Amino acid sequence: MRFRKRYFAIGGLAALAILCFLLMFSMFPPRGAEKDCDTSRGGKSIAINGHIMWYDVYGKKKDETPIYILAGGPGFSSEYIEPYILFLAKKRTVVLFDGRCSGRSEYTADLSDCTYENYGKDLEELRKRITPDKDILILAHSGGGVTAMEYMTKYEEHVKGVIFVSSLASKTNTVYSDEYLRTGFPPFNQKYANAWFSANIRELYGEYIANKDVVGILDHCEINYALMMKNNAKDKYDYSEKLEKSQIPALVLYGRQCDVPMADKTAAQNIHGILENSQMYGFDSSGHFCFAEEPQLFRQKVNAFINEIEKNT
């Protein structure tokens, strides 16, 4: 009888171990889906550093400093932020860009070269192609802020200023989330995992939006789930010491209401505290998407910051 109970206990532990392994495999897939670059809804494709990427340009041939937009995730398409930043195209060139294996760009199954170091290289190559004779401004949201930090540390001479919008902090800060308890776990097949993530997007991100009028902001966003989990959970980064040497002007924005824990006031204070030449502002009625939740105030803060930079240079 004792042996039987022991076998049952061992069998139960083995089953639990297998279940945990499968769940981890589901949450952190070793490979991603494959797909072609999608320009069916507009935009263009460009080959950079061995990857085909989606981009679009507004306000071409304007004299003011061009601004490059880095969407979040990483893995998200820039569709969700596009309508809210086009006011910038009245005076300057605005470049929207879905990074390698992100959003509408080409996806490869092997994500090993999808690193922040390479994202910075891709942005520099894009700058050389589109606005080769100009330094640039960067507006980066959420996970895109890490790519902005990488670029600041490697290509400082080409950056006039950076606007961080609900950005991740200067070093890896993984935060517990109960999202899988609310939505269930993603499929093993990454094509279906991407569809699962999109289908559950309001459940996954709805609590980070204070203004419920814009709760559907991510409904039509293309997402590479495997890439997002790789960069946010597996990859490690720390730009703290390198950024302390930077004199690049920066505007650090965040939502006071219900911002994502990895990109809340604490993250904003971290960036602001490291960057000597930075300003910080918290939106009282916003969560993670202040550009959509308080668009008029967002435009005001961004325009004032950019005008100050242009005046000083």
Side-chain angles (χ1 to χ4, degrees), residues 17-41 43 45-55 70-81 97-119 122 141-144 146-147 168 172 174-206 208 216-237 260 262 288:
I18 292 172
L19 177 61
C20 290
F21 173 79
L22 291 175
L23 292 178
M24 290 295 291
F25 186 83
S26 172
M27 289 187 291
F28 307 110
R31 294 174 67 81
E34 294 181 325
K35 81 170 185 66
D36 294 331
C37 183
D38 180 11
T39 58
S40 62
R41 300 189 301 280
S45 63
I46 187 170
I48 296 179
N49 298 328
H51 288 264
I52 308 297
M53 301 181 218
W54 182 97
Y55 80 103
L70 304 179
F76 286 44
S77 64
S78 53
E79 291 166 283
Y80 72 92
I81 197 172
F97 179 48
D98 291 357
R100 62 172 70 188
C101 294
S102 290
R104 291 160 286 188
S105 294
E106 173 193 47
Y107 295 1
T108 58
D110 182 5
L111 301 173
S112 59
D113 67 350
C114 292
T115 63
Y116 290 112
E117 181 179 7
N118 285 334
Y119 298 158
D122 294 342
H141 177 240
S142 193
V146 185
T147 298
L168 304 187
T172 303
T174 304
V175 177
Y176 166 78
S177 173
D178 64 352
E179 61 187 28
Y180 296 119
L181 301 179
R182 294 183 282 111
T183 61
F185 291 84
F188 293 110
N189 182 301
Q190 288 308 295
K191 178 181 178 181
Y192 298 132
N194 292 344
W196 165 87
F197 196 89
S198 296
N200 287 284
I201 200 71
R202 292 198 182 192
E203 182 66 28
L204 293 165
Y205 281 88
Y208 304 126
I217 189 171
L218 295 173
D219 283 357
H220 304 292
C221 188
E222 288 191 47
I223 301 161
N224 189 345
Y225 173 79
L227 178 68
M228 180 183 67
M229 296 307 291
K230 173 187 182 296
N231 287 157
N232 287 335
K234 296 180 181 179
D235 295 347
K236 307 298 180 185
Y237 65 88
V260 174
M262 293 172 64
H288 196 54

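Side chains included, hydrogens not; waters and symmetry mates left out as well; all remaining heavy atoms used. Fair warning: this is a prediction, and the values are worked out from it, not measured in the lab. Position 1 is the first residue of the sequence; numbering continues from there.
Counting heavy atoms from C-beta on, the side chains of Leu111 and Cys101 come closer than 4.5 Å. By the 4.5 Å heavy-atom criterion applied to side chains, Pro186 and Asn194 are not counted as neighbours. Between Gln190 and Arg31 the shortest side-chain heavy-atom distance does not fall below 4.5 Å. Taking the side chain as every heavy atom from C-beta outward, Lys234 and Met229 never approach each other to under 4.5 Å. With contacts defined as side-chain heavy-atom distances shorter than 4.5 Å, the pair Ile223/Leu218 does not qualify. With a 4.5 Å cut-off on side-chain heavy atoms, Leu168 and Asn232 count as touching. Side-chain atoms of Thr39 and Arg104, non-hydrogen and from C-beta on, never get closer than 4.5 Å to each other.
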Go through His141 and Tyr80 one step at a time and tell me if the ring-ring contact (aromatic ring centres under 6.0 Å, His included) criterion holds. CA-CA 11 Å; His141 177 240; Tyr80 72 92; 5.5 Å; yes
Verdict with supporting geometry, His220 and Arg41, side chain to side chain contact (heavy atoms under 4.5 Å, CB included): CA-CA 11 Å; His220 304 292; Arg41 300 189 301 280; over 6 Å; no
Kindly indicate, with the supporting measurements, whether the criterion side chain to side chain donor-acceptor pair (under 3.5 Å) is fulfilled by Ser78 and Asp98. CA-CA 6 Å; Ser78 53; Asp98 291 357; 2.9 Å; yes
Decide yes or no on side chain to side chain donor-acceptor pair (under 3.5 Å) for Asn231 and Tyr119, but give the supporting numbers first. CA-CA 11 Å; Asn231 287 157; Tyr119 298 158; 2.7 Å; yes
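A perpendicular orientation is assigned to the rings of Tyr205 and Phe76, their planes being inclined by more than 60° (bins at 30° and 60°).
Distance check: Trp54 CH2 to Ser102 OG gives 12.5 Å after rounding to the nearest 0.5 Å. Remark: Ser105 OG to Ile46 CD1 distance equals 10.5 Å, nearest 0.5 Å. Put simply, CG on Asn224 and OH on Tyr107 are 5.0 Å apart, with the number rounded to the nearest 0.5 Å.
Nearest heavy atoms, Met53 versus Ile48: CE-O, 3.4 Å. When all heavy atoms are compared, the tightest approach of Cys114 to Asp235 is O-OD2, 3.9 Å. Smallest separation of non-hydrogen atoms from Asn189 and Lys191: OD1-N, 2.9 Å. Considering all non-hydrogen atoms of both residues, Gly72 and Ser142 come closest at CA-CB, 4.0 Å. Trp196 approaches Pro187 most closely through the heavy-atom pair CB-CD, 3.6 Å.
Side-chain N/O atoms of Thr108 and His51 include no donor and acceptor closer than 3.5 Å. Counting only N and O atoms by type, the side chains of Ser112 and Asp110 include a donor and acceptor under 3.5 Å apart.
In terms of modelled atom types and a separation under 3.5 Å, the side chain of Arg100 and the main chain of Asp113 share a donor-acceptor contact.
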